[in-house]
Amino acid sequence: MFLGLDVGSWADWVSGIGSLGAILMVLFQIKKNKESDFSQSRPMFKINYEVEAIKRKKDKVYYDRPSDNNGQMYRGDFNYQCIELKNISRKSMLAVQVSLYVTEINYDAKAPKVKRKINFKVDSVKPDENVNFILKNLSKTIGIQQVPIYEYYDFDEVIIYFTTEMREKIKIIYQKEGKYLYYKKSFLENKGAKIPNEEYTANNFKESRILET
């Protein structure tokens, strides 16, 4: 007897604790292996904010509404306010959504500021693929002359949503400071983050319009 239990009972307790520990270790290893699989399926990408001509004609160029581009075809000599995204991994980004809350700023101080949400949607961004999302065309032609457009979009954040090849939904927020975008926060579905369907879903996903290049 020891502490009110005979030797056989102590052996049963020790055996039970050992079995529970083994089960917990197996569950931990399964979870660890699962996260490793999800982690390996997450693509790596670069994102930039640019106000310049889009030099690479081979890139896909998406736009939100014709009025922001004057309904014109892509012009290599025009300046565009745009978000550039490049997949630099070997994994595809699926059902990509780029969301911004923008405020239209006019150089005329008396003009009202209009705020709205822009959603760009792309079926997939493949490995090494580069895509551009035009916020606003900052140039137009009058006759044979190119002249600037005196309005632009201001924004604070860019939110990137996408689904991985393992069907994990991911949300990443970038903060805009001056001309640059800086990583702020990420939400990974496999790590418990909840991304509501009303915010982002691949169901009934319709790709944004592509500007002719």
For Tyr183, does the OH atom have more than 12 heavy-atom neighbours from other residues, nucleotides or ligands under 6.0 Å away?
yes
Are the charged groups of Glu189 and Arg167 less than 4.0 angstrom apart, N to O?
no
Pairs satisfying salt bridge (charged side-chain N to carboxylate O under 4.0 Å, His left out), at least one member in residues 169-187, at least two apart:
Asp154-Lys176, Glu157-Lys184, Lys171-Glu199
Thr164 side-chain N/O to Met166 backbone N/O, donor-acceptor pair under 3.5 Å
yes
Ignoring hydrogens and angles, state whether a donor on the side chain of Glu84 or Asn48 is under 3.5 Å from an acceptor on the partner side chain.
yes
Member of Val98, Leu85, Val96, Ile210 meeting the side chain to side chain contact (heavy atoms under 4.5 Å, CB included) criterion with Val131:
Leu85
Does a donor on one side chain sit under 3.5 Å from an acceptor on the other, for Tyr200 and Ser99?
no
To check you understand the geometry: which heavy-atom pair defines the closest contact between Asn197 and Thr201, and what is its length?
O-CG2, 3.5 Å
Is it true that a side-chain atom of Glu165 and a backbone atom of Ser92 form a donor plus acceptor pair closer than 3.5 Å?
yes
Could you check whether any side-chain N or O of Ser208 sits under 3.5 Å from a backbone N or O of Lys121, counting only pairs where one atom can act as donor and the other as acceptor?
yes
Neighbour count above 12 (heavy atom, 6.0 Å) for Phe205 CZ
yes
For the backbone of Tyr153 and the side chain of Gln81, can you confirm whether one donor and one acceptor N or O come within less than 3.5 Å of each other?
yes
Return yes if some donor-acceptor pair links the side-chain N/O of Asn87 with the main-chain N/O of Val125 below 3.5 Å, else return no.
yes
Would you check if there is a donor-acceptor pair between the side chains of Glu207 and Tyr62 at a distance under 3.5 Å?
yes
Where Phe120 and Ile134 come nearest, the two heavy atoms and their spacing:
CZ-O, 3.2 Å
